[in-house]
Protein chains: 2
Amino acid sequence: MNLKQLSEILGLSQTTVSRALNGYPEVNEDTRLRVQAAAAKHGYRPNSRAKGLATGRSMVIGHVIPSSSQHEMVNPIFGDFVAGAARKYSDHGYDMMFTNADDTSIEEAYRSLFQRGAVDGIVLQGPKVNEHRIEVLTRMGVPFIVHGRSTGVDVPYDWIDVNNKSSFLRATRFLIDLGHRRIALINGLEDMDFAQRRRDGYLEALHEAGLSPDPELMRSAEMTEVYGHHETRDMLRLVDPPTAILTASMISAIGVRRALNEAGLKMGKDVSVIAHDDDLSYLKNGQDVPIFTATRSSVRRAGEMAAEMLIERIKSPEDPVKTRLLEAELVVGGSTGPAPNRF
Amino acid sequence: MNLKQLSEILGLSQTTVSRALNGYPEVNEDTRLRVQAAAAKHGYRPNSRAKGLATGRSMVIGHVIPSSSQHEMVNPIFGDFVAGAARKYSDHGYDMMFTNADDTSIEEAYRSLFQRGAVDGIVLQGPKVNEHRIEVLTRMGVPFIVHGRSTGVDVPYDWIDVNNKSSFLRATRFLIDLGHRRIALINGLEDMDFAQRRRDGYLEALHEAGLSPDPELMRSAEMTEVYGHHETRDMLRLVDPPTAILTASMISAIGVRRALNEAGLKMGKDVSVIAHDDDLSYLKNGQDVPIFTATRSSVRRAGEMAAEMLIERIKSPEDPVKTRLLEAELVVGGSTGPAPNRF
DNA sequence: TGCGTTATCCAAAGCGCTTTGAAAATGAGT
DNA sequence: ACTCATTTTCAAAGCGCTTTGGATAACGCA
């Protein structure tokens, strides 16, 4: 069923039917009702390609999935961020489109998505330090929003980010206040901007306290469970092992816990652990009392907000740049305690 | 830059330029090269909406995300399945589109996606028992594939699934052979088809061994970490607690492990655990020796295969129905051992 | 040279919608 | 009854592409 057929059935012109359906004022209310009833009855749905061609808008937001199988952003966080964004998109009549690109052709993927007219806006996830894609998108003139920020990029752009530095600064201070001196950081990949900022926060807190950082206690990789486990086991073998560990995700925190258990150490007593908690729906940090002391910020919520900001940007391309910095809460759970007295 | 402009620059007709770019034979090779060079130089990209309008195909595959915040399928598995599918889509020139729908309007979402011409095919994830959506899609005549199956639906349809029943049958037998008699099943939501089949396998193995199932040992809910923990803790308090636990995902297995640790029990010695492992990239089951004994089947691989099967279906709508049943491997790890002797 | 083939290229129609500019219908005012 | 303004409807153009049905040029061969 297309417009033409529907208009023939109704004995009206396509113009009138189109207008009736799209809420234009220059159509008699009775006619509008008739048209709407007929459309519902025949299950008429305007072809979105044709509509897009005619209006110049696709009502689709684009995301790119980097296909290198082990890329930081694809995984734990992906599902929740997308679920949050998707809901907001649909509230505003947008769909979301994903396109796959291997690491070498990501830039091309963005370009293609927009220039083909497939999407009206783009979400850039997982920015690295000096993220080149931001300039690319800016030059293309596509409305976009960055989930995160990129140190070293000085063109203005819309972003929404957690205050990673302050989170890790406060978390580290918290451990220092508990008497810890050997504090490890199990970080994400350090070319990722968020990892860099977390590291900065961590270092600043150490510095404030007059502690000098130990490279042996700073690890960086993809945030998997296995990685958290591996690095922890490795550090526990040091001559002077850490008494506290900061880790970049709940997933790796679980690996940390596993390593501690294997070593017969009690979390929160022998070794304190603080994790960053993205508040993933299938991996809640306990029910009432948090399992891990954590810096918490819902990535699902971030997805919702990113979607809304992007839609606003699409509506008002000339608005000044908008940014949004979310503060993570520091929630205290059972995984931290005073530094053990070694003597 | 559009076709018209490009053809004017080249002094050719739109027809010829279009054909040159799309590899049609009725164009001189020299001309084709000239056209390709110019297209590259000017960064010409055919508008996909216009192309879609003209060809009647959108080169997009649709997925629907149910928006009830706690739905079974959205989460742990989502990211990896999608990543697998996305790669195959892009190999064949397809993009993927997501649309959000709350539980009441999922059917409408599928209908809209296809009838608006937004997608050429649909992936149906997380089928329930008696999944109504399958008939809806069949009647609509849209090419689709189901990830999973649906007991009680008797129209033929394409699907790819893990042999859930046989996996859990074998896993349960394995525990019985180790001397376990009190075996718990921490299952997914039982209106999900996969959960039902796992339960069948579990029950069949008990039956074979002359064991009668204990409702107290059969739990069912969303497969979160917290859930695995909660049910385990609860069952450990029974007068006659389980000596072995089967659980439906790695995530809930982690909760099981946490509960065992809290109770001072050693996994693989005091209580054996077998998990179903979807082989998620950020949650590998250990490095060399598996942590959990597990029934393993890569959901990412399933995503790839689903994508390929769907694309074939789109190409050949009249082909006979295709189905694919994957056998999970039973990998033995450190979480299982002989049943403890209580006497 | 003339004619049938084949290789190239093109004009125009069509995909299904929105939107412009104009026409028809209605109503108000005198 | 007639004019003018307003409301309601319509025909046709246009969005950017593919594809049909020719036209033209080039070629082979008698």
Side-chain angles (χ1 to χ4, degrees), chain A residues 1-36 38-39 42-60 93-95 111-120, chain B residues 1-39 42-60 93 95 111-120:
Chain A
M1 170 67 55
N2 61 23
L3 224 211
K4 191 174 176 193
Q5 292 163 2
L6 183 63
S7 63
E8 279 164 5
I9 288 177
L10 282 159
L12 290 168
S13 73
Q14 298 188 35
T15 310
T16 304
V17 176
S18 170
R19 290 194 153 146
L21 258 19
N22 290 308
Y24 281 71
E26 54 271 82
V27 49
N28 189 307
E29 272 313 308
D30 295 346
T31 314
R32 187 191 306 281
L33 262 40
R34 255 181 69 218
V35 170
Q36 284 171 342
H42 296 90
Y44 168 70
R45 292 158 205 278
N47 182 297
S48 47
R49 292 190 298 260
K51 192 162 185 159
L53 231 206
T55 59
R57 287 170 304 120
S58 61
M59 301 306 284
V60 176
Y94 283 85
D95 286 319
R111 205 186 293 273
S112 154
L113 218 40
F114 183 63
Q115 294 182 351
R116 268 164 31 202
V119 305
D120 294 340
Chain B
M1 170 68 54
N2 60 25
L3 223 210
K4 190 174 177 193
Q5 292 163 1
L6 183 63
S7 63
E8 277 164 6
I9 289 177
L10 283 160
L12 289 168
S13 73
Q14 298 188 37
T15 310
T16 304
V17 176
S18 169
R19 289 195 155 144
L21 258 20
N22 289 310
Y24 282 72
E26 54 271 82
V27 50
N28 189 306
E29 273 312 309
D30 293 348
T31 313
R32 188 190 306 281
L33 262 41
R34 256 182 68 217
V35 171
Q36 284 170 342
H42 296 92
Y44 167 70
R45 292 158 205 279
N47 182 298
S48 46
R49 290 190 299 260
K51 192 163 187 159
L53 232 207
T55 58
R57 286 170 305 120
S58 60
M59 300 307 284
V60 176
D95 286 320
R111 206 187 292 276
S112 153
L113 218 40
F114 182 63
Q115 295 182 350
R116 268 163 34 203
V119 305
D120 293 340

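Labels below follow one simple rule: chain letters A, B, ... track the order of the sequence lines, proteins then strands, and each chain is numbered from 1. As a basis for the values below, the full set of heavy atoms in this structure was taken, side chains included, without hydrogen atoms, waters or symmetry mates.
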Atom-to-atom span, CG of B:D30 to C1' of C:dA7 - whole angstrom: 13 Å

Once you apply a heavy-atom cut-off of 4.0 Å, does A:T55 come out as touching a base, just sugar-phosphate, or nothing? sugar-phosphate

Can you see if the side chain of A:N47 gets near the phosphate of C:dC15 - specifically, an N or O under 4.0 Å from OP1 or OP2? no

Using the side-chain heavy atoms of B:V27, tell me which of these nucleotides is nearest: C:dG14, C:dC9, D:dT9. C:dC9

From the options D:dA11, C:dC9, C:dC17, select the nucleotide whose nearest atom is closest to the side chain of A:S13. D:dA11

Is there a side-chain contact between A:K51 and the phosphate of C:dT18, meaning an N or O under 4.0 Å from OP1 or OP2? yes

Ignoring the backbone of B:A50, work out which of D:dG16, D:dT8, C:dT20 is nearest its side chain. D:dG16

Counting only side-chain heavy atoms from C-beta out, which of D:dT20, C:dC9, C:dT18 sits nearest to B:R19? D:dT20

Does A:V60 offer a backbone N or O that forms a donor-acceptor pair with the side chain of A:D95 under 3.5 Å? no

B:R19 CZ to B:L21 CG distance, which is reported to the nearest 0.5 Å: 13.0 Å

B:L6 side, atom CG; B:H42 side, atom NE2 - distance, nearest 0.5 Å: 7.5 Å

Rounded to the nearest angstrom, tell me the gap between atom CG in B:N28 and atom P in C:dC10. 12 Å

Side-chain N or O of B:N22 less than 4.0 angstrom from OP1 or OP2 on D:dT18? yes

Between B:Q5 and B:N2, is there a donor-acceptor pair closer than 3.5 Å when you use the side chain of the first and the backbone of the second? yes

B:Y24 side-chain N/O to C:dA7 phosphate OP1/OP2 under 4.0 Å: no

Residue A:S18, side-chain atoms from C-beta onward, closest of C:dT18, C:dG14, D:dG21: C:dT18

Tell me the interatomic distance from B:E26, atom CD, to D:dT19, atom C1', rounded to whole angstroms. 10 Å

Length of the line joining A:E29:CD and D:dT8:C1', which is rounded to integer Å: 12 Å

Please answer whether the main-chain N or O of A:A54 pairs with a side-chain N or O of B:R49 as donor and acceptor at a distance below 3.5 Å. no

What is the distance, rounded to the nearest whole Å, between atom CG of A:L53 and atom C1' of C:dT18? 11 Å

May I ask you to evaluate whether A:T15 reaches the phosphate of D:dT9, defined as a side-chain N or O under 4.0 Å from OP1 or OP2? no

In whole Å, what is the span from the CZ atom of A:R32 to the P atom of D:dT7? 14 Å

How long is the line joining CG of B:L10 and P of C:dT8, in whole Å? 17 Å

Side chain of A:N2: nearest nucleotide among C:dC17, C:dA11, C:dT20? C:dC17

Over how many whole Å does the gap from A:L12 atom CG to C:dA25 atom C1' extend? 14 Å

So A:S48, base contact, sugar-phosphate only, or nothing? Heavy-atom distance under 4.0 Å. nothing

Side-chain heavy atoms of A:R111 within contact of B:R45, under 4.5 Å: yes

